Amino acid sequence: MLSSKRILLIITGGIAAYKSLDLIRKLRAAGAAVTPVLTDSAKEFVTPLSVAALAGEKVHSELFDLTSEAEMGHIELSRSADLILVAPATADMMAKMAQGSADDLASTLILATDTPVLIAPSMNVRMWEHSATQRNLRQLQADGVKIFGPDAGDMACGEFGPGRMSEPVDILTAVQMHFTRGPLTGQRVLVTSGPTHEPIDPVRYIANRSSGRQGSAIAQALVNQGAEVVFISGPAAADPPLGAQIKRVETALEMAQAVEQALPCNIAIFVAAVADYRVELPGAEKIKKQAGGLSTLSFVENPDILASVAQRRDNRPDLVIGFAAETEALEKNAQAKRMRKGCDWLLANDVSAKTGIMGGDENAILCIEQAGVDQWPRASKAQVAERLVQKIIDHVEKASTAHG
């Protein structure tokens with residue numbers, strides 16, 4: 001898939017730089033030519049010799065290389081590539097990119113190009129969550145930079161959370177998907193999926209039976225049609241889609257925050273089964289049984305993520321799609337929900353125990369929009385995803401023709 005593609009790989013100075021060696025191997029095995037660029041700090045983690053040996057090309061690191069600069073080498077380097085890949089992308093590099101800084105070869109290459117840029121962030125969880133980094137992230141997204149990752153997990157510093165650079169095999173998939181052209185190429189799509197877990201105390205939580213299979217299937221079908229997909233998932237059993245930007249959350253509040261950070265987008269699909277309520281004051285320690293009866297829990301309402309996006313005046317996606325899980329009066333309740341939420345389409349399903357839909361492999365959809373109601377026959381969740389994505393493609397093509 002990457003045959004004849006030239007990848008300009010910028011390696012910055014993070015502990016995850018060691019993963020770039022494996023990434024080079026995988027890119028070359030897939031047929032790509034890799035031109036490596038190392039920042040000065042990256043040389044503290046990987047050596048130019050090892051990078052050059054794996055890439056089969058000279059390592060570039062100096063902005064003022066007189067031989068290259070006589071031919072405007074930094075311009076040629078960036079513009080001869082089919083994709084600029086920054087992996088790892090440190091908080092410092094993201095800040096430089098967001099501010100338009102050009103004080104070294106790597107940042108100058110990015111500023112001097114019209115080539116697509118994909119970055120794989122890597123940093124401490126506190127740095128990733130800092131308001132400055134999140135502000136830079138939003139600016140980069142607005143500038144058209146594609147973001148892949150970071151993953152959540154244990155870090156070299158001993159902390160746990162989002163900030164780990166995605167694995168080389170997943171970055172390779174993202175690169176391959178970048179070059180996949182389809183009817184949804186250029187469309188940024190947000191998909192929420194899975195349940196949320198609302199804590200009662202450190203060991204207990206409130207949840208539901210959502211497996212995340214439908215959301216994952218939809219996201220994968222979108223990626224396969226060329227869409228840039230941001231996949232925000234609660235703790236789901238289903239495997240995440242390949243080629244999507246994955247954001248993992250636990251609670252409804254975390255999901256609401258992740259959705260806000262993912263905007264703007266062209267299309268938003270809210271498949272997640274978000275808990276309507278959360279415990280107002282979760283116990284700091286495990287709640288013990290008490291003589292004389294059960295502990296009393298006070299609940300507060302969670303934010304309505306679908307309604308908040310569907311009804312917003314700024315940055316509203318062109319198409320907002322919601323899901324409704326019902327156990328009775330399916331069409332009546334779903335019609336009322338679509339009007340109340342303000343979404344364009346609402347896909348309703350009967351999740352009562354007898355259907356086996358929630359947590360199962362099949363689904364039966366009642367698709368409700370302003371134009372009417374369409375009953376989809378029961379099918380696998382993958383087939384439901386394909387049908388929905390084809391409907392989205394038809395909608396996008398019709399809108400494009402109308403505006404063309």
Side-chain angles (χ1 to χ4, degrees), residues 125-126 129 131 134 152-154 159-162 191-215 232-238 247-262 268 270-312 322-330 332-343 346-360:
V125 59
R126 301 292 173 236
E129 293 177 342
S131 58
Q134 292 302 311
D154 293 314
E159 294 190 83
F160 180 91
V191 180
T192 68
S193 183
T196 62
H197 288 179
E198 308 301 327
I200 296 172
D201 60 26
V203 297
R204 303 181 181 94
Y205 56 82
I206 298 169
N208 58 60
R209 293 185 174 88
S210 173
S211 65
R213 290 189 182 95
Q214 187 64 82
I232 301 173
S233 177
K247 295 187 177 184
R248 299 187 184 279
V249 298
E250 290 279 337
T251 68
L253 291 177
E254 291 173 352
M255 184 169 284
Q257 182 183 33
V259 166
E260 187 64 29
Q261 291 172 352
F270 296 94
V271 194
V274 181
D276 294 324
Y277 295 91
R278 67 182 185 276
V279 176
E280 184 174 18
L281 296 172
E285 304 294 340
K286 180 182 176 183
I287 299 173
K288 303 292 187 180
K289 281 195 292 188
Q290 298 177 3
L294 296 173
S295 300
T296 300
L297 299 176
S298 296
F299 292 86
V300 292
E301 192 171 356
N302 273 323
D304 191 326
I305 302 173
L306 170 57
S308 68
V309 174
Q311 297 173 19
R312 65 189 300 149
F323 272 68
E326 303 288 349
T327 59
E328 61 177 349
L330 180 62
K332 178 183 176 182
N333 288 337
Q335 288 277 21
K337 182 174 183 177
R338 192 189 78 82
M339 297 298 294
R340 187 171 66 253
K341 304 287 188 179
C343 57
L346 189 79
L347 274 61
N349 51 13
D350 182 349
V351 296
S352 55
K354 65 180 183 294
T355 67
I357 285 175
M358 180 163 273

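Just so it is clear, the structure is predicted and the values come from calculations on it, not from any experiment. Only heavy atoms go into these numbers, but all of them, side chains included; no hydrogens, no water, no symmetry mates.
- Taking all atoms of both residues into account, the shortest heavy-atom contact from G194 to A236 is CA-CB, 4.1 Å.
- With sequence neighbours left out, the side-chain hydrogen bond (donor to acceptor under 3.5 Å, both in side chains) criterion links R340 to no other residue.
- Without hydrogens or angle criteria, N208 side chain to A275 main chain gives no donor-acceptor distance under 3.5 Å.
- Residues satisfying the side-chain hydrogen bond (donor to acceptor under 3.5 Å, both in side chains) test with R209, not counting sequence neighbours, are none.
- Screening I232, I305, V191 for a side chain to side chain contact (heavy atoms under 4.5 Å, CB included) involving F270 leaves a single residue, I305.
- Remark: Q335 engages no residue in a side-chain hydrogen bond (donor to acceptor under 3.5 Å, both in side chains) (not counting sequence neighbours).
- Annotation for C343 and R338: closest pair O-NH1, 3.2 Å, computed over non-hydrogen atoms.
- For A272, the side chain to side chain contact (heavy atoms under 4.5 Å, CB included) partners two or more places apart in sequence, or in a different chain, are T192, M255, V274.
- Checked by atom type and distance alone, the side chain of S193 pairs as donor or acceptor with a backbone atom of G212 at under 3.5 Å.
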Check residues 276-288 and write down every donor-acceptor pair under 3.5 Å in which the side-chain atom is one partner and the other belongs to a residue at least two apart or another chain.
residue	atom	partner	partner atom	Å
R278	NH1	E301	O	3.2
R278	NH1	N302	OD1	3.0

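- In this structure, the side chains of R312 and E260 come closer than 4.5 Å at one or more pairs of heavy atoms.
- Applying the salt bridge (charged side-chain N to carboxylate O under 4.0 Å, His left out) test to pairs two or more places apart or on separate chains, none has a residue in residues 248-257.
- Take D201 and apply the side-chain hydrogen bond (donor to acceptor under 3.5 Å, both in side chains) test, not counting sequence neighbours, and it matches R204.
- Remark: K341 pairs with D304 by the salt bridge (Lys or Arg N to Asp or Glu O under 4.0 Å) rule, at least two apart or across chains.
- Annotation for P199 and H197: closest pair CD-O, 3.6 Å, computed over non-hydrogen atoms.
- Counting all heavy atoms, side chain and backbone alike, G342 lies closest to Q311 at N-NE2, 4.3 Å.
- Annotation: the span from F323 atom CZ to Q214 atom CD amounts to 5.0 Å, rounded to 0.5 Å.
- Side-chain contact check for I206 versus I200: some heavy-atom pair is nearer than 4.5 Å.
- Taking T327 as the reference, V351, S352 meet the side chain to side chain contact (heavy atoms under 4.5 Å, CB included) condition, with sequence neighbours excluded.
- Taking the side chain to side chain contact (heavy atoms under 4.5 Å, CB included) definition, one finds that A324 meets it with E326, K337, L346, A348, sequence neighbours left out.
- Applying the side chain to side chain contact (heavy atoms under 4.5 Å, CB included) test to A237 and every residue at least two apart in sequence or in another chain returns nothing.
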